[in-house]
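Below: one structure, written as structure tokens.
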Amino acid sequence: MGTVVPYGIFCVFLVLQQRIGGQVRPDVEGWRIVKYQCIGTPYQKTTVHYCNTLRVSNGTTYLNVSIHVPNKLNFINIAVKMYYKYLTYRPFMLDWNLEACHAMRTRRINPIEQVVVKLFEETIPSMYYPCPHGNKTYTILWALDAKYSPKSMPSGDYRIDISFKDRDNVILLAFQAYAAMRRQGLIG
């Protein structure tokens, strides 16, 4: 029984790699995700069964979350904010808000929203469909690929806050991704 579980986890990661085209790269030019952490639990309108970080031997870090959404949702706001750690985490460069249902329904969105939509379309294709969402339990194994990080960033520690909210601005799911950028050489 002990060998079945690790083999099963290996198969899940193998299927995930094939499903998203084997594009998860743990360390591109020094960018890597260190850990994921759900914040603000418990939520009013959703139930989180588990939320944790999974690390694979190749260095890839995954967000592993199971969330039950009992109601149908026709409006989902996704907020993405990036912070850079000086002495404490301070806002840095990215601050996006996207109404996901509208973005998936119409392709007339601004270029920044297109980046966020493309990220979700390529990394979680099973959840990329027009609204309504909800009335089910979602089990997500997700990795933020380094190819979605900005090309030119200073070395240091970063935190990316991602939250999903409904029309009433009530948090459905919120998590933080901690990342590190390490460059080698005299400059950078």
Side-chain angles (χ1 to χ4, degrees), residues 20 23-46 48 51 53 60-65 67 69 73-125 127-128 130-131 133-134 138 140 142-183 188:
I20 62 176
Q23 296 176 353
V24 175
R25 296 168 294 184
D27 193 18
V28 174
E29 296 184 20
W31 175 264
R32 65 182 173 88
I33 299 293
V34 178
K35 74 173 182 173
Y36 294 97
Q37 173 181 334
C38 284
I39 56 172
T41 57
Y43 304 119
Q44 293 177 1
K45 295 187 176 181
T46 58
V48 175
C51 177
T53 301
T60 305
T61 305
Y62 291 92
L63 170 67
N64 184 20
V65 64
I67 183 169
V69 182
L73 300 170
N74 288 314
F75 181 95
I76 302 170
N77 183 37
I78 302 174
V80 179
K81 294 183 181 180
M82 180 181 268
Y83 298 88
Y84 181 78
K85 186 175 184 179
Y86 298 102
L87 296 175
T88 59
Y89 285 101
R90 297 183 184 175
F92 180 78
M93 197 162 36
L94 299 180
D95 188 358
W96 298 335
N97 277 312
L98 166 71
E99 203 283 287
C101 293
H102 174 73
M104 286 187 268
R105 219 176 10 255
T106 65
R107 291 295 186 169
R108 293 180 167 186
I109 52 179
N110 66 41
I112 291 178
E113 289 177 347
Q114 287 178 351
V115 171
V116 177
V117 168
K118 183 177 179 182
L119 185 145
F120 283 101
E121 182 180 12
E122 290 182 359
T123 60
I124 314 175
M127 292 185 63
Y128 186 76
C131 291
H133 280 270
Y138 297 96
I140 304 160
W142 181 70
L144 181 60
D145 192 357
K147 76 177 185 178
Y148 296 108
S149 69
K151 301 296 179 209
S152 176
M153 294 176 58
S155 296
D157 296 326
Y158 293 85
R159 186 184 83 206
I160 304 166
D161 293 356
I162 301 173
S163 64
F164 299 84
K165 297 178 182 179
D166 69 352
R167 187 177 304 278
D168 301 326
N169 209 25
V170 175
I171 296 175
L172 304 170
L173 175 67
F175 63 91
Q176 296 173 329
Y178 291 88
M181 173 62 94
R182 302 290 183 250
R183 296 194 182 266

Contacts of [X] that satisfy side-chain hydrogen bond (donor to acceptor under 3.5 Å, both in side chains) - sequence neighbours left out:
{"X": "K118", "result": "none"}
{"X": "D95", "result": "none"}
{"X": "N77", "result": "none"}
{"X": "N169", "result": "none"}

In chain order, what residues pass the ring-ring contact (aromatic ring centres under 6.0 Å, His included) check against Y84, with sequence neighbours excluded?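 Y86, F92, Y158.
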Verdict with supporting geometry, I78 and N97, side chain to side chain contact (heavy atoms under 4.5 Å, CB included): CA-CA 6 Å; I78 302 174; N97 277 312; over 6 Å; no
On a heavy-atom basis, which atom in [X] and which in [Y] lie closest, and how many Å separate them?
{"X": "Y43", "Y": "C38", "result": "OH-CB, 4.4 Å"}
{"X": "M104", "Y": "H133", "result": "CE-NE2, 3.9 Å"}
{"X": "C101", "Y": "L73", "result": "SG-O, 4.5 Å"}

Measure up the F175 and W142 rings against each other and bin them: parallel (under 30°), tilted (30 to 60°), perpendicular (over 60°).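 It falls in the perpendicular class, over 60°.
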Under 3.5 Å donor-acceptor, T61 side chain and I33 backbone: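 Confirmed, T61 side chain pairs with I33 backbone.
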Got a donor-acceptor contact below 3.5 angstrom from the T46 side chain to the L172 backbone? yes
Would you give the length of the straight line joining atom [atom1] of [X] to atom [atom2] of [Y], rounded to the nearest 0.5 angstrom?
{"X": "I140", "Y": "L63", "atom1": "CD1", "atom2": "CG", "result": "7.5 Å"}
{"X": "R105", "Y": "C131", "atom1": "CZ", "atom2": "SG", "result": "6.5 Å"}
{"X": "Y128", "Y": "E121", "atom1": "OH", "atom2": "CD", "result": "4.5 Å"}
{"X": "L94", "Y": "Y83", "atom1": "CG", "atom2": "OH", "result": "11.0 Å"}
{"X": "Y89", "Y": "M82", "atom1": "OH", "atom2": "CE", "result": "11.5 Å"}
{"X": "L173", "Y": "F164", "atom1": "CG", "atom2": "CZ", "result": "6.0 Å"}

So, do L119 and I124 sit near enough that their side-chain heavy atoms are less than 4.5 Å apart?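 Side chain of L119 against side chain of I124, heavy atoms only: no contact under 4.5 Å found.
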Do L144 and Y36 have side-chain heavy atoms sitting under 4.5 Å apart?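 When only atoms from C-beta onward are counted, Y36 and L144 do touch, with a gap below 4.5 Å.
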By side chain to side chain contact (heavy atoms under 4.5 Å, CB included), which residues pair with I39, not counting sequence neighbours? Q37, A174, Q176
Any pair with a residue in residues 162-180 that passes salt bridge (charged side-chain N to carboxylate O under 4.0 Å, His left out), sequence neighbours left out, goes on the list, sorted by first then second residue, please.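 For residues 162-180, and leaving out neighbouring residues, the salt bridge (charged side-chain N to carboxylate O under 4.0 Å, His left out) pairs sorted by first residue read K45-D166, K45-D168.
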Decide salt bridge (Lys or Arg N to Asp or Glu O under 4.0 Å) for D157 and R159; before the verdict, give the C-alpha distance in whole Å, the side-chain angles of both, and the deciding distance to 0.1 Å. CA-CA 7 Å; D157 296 326; R159 186 184 83 206; over 6 Å; no
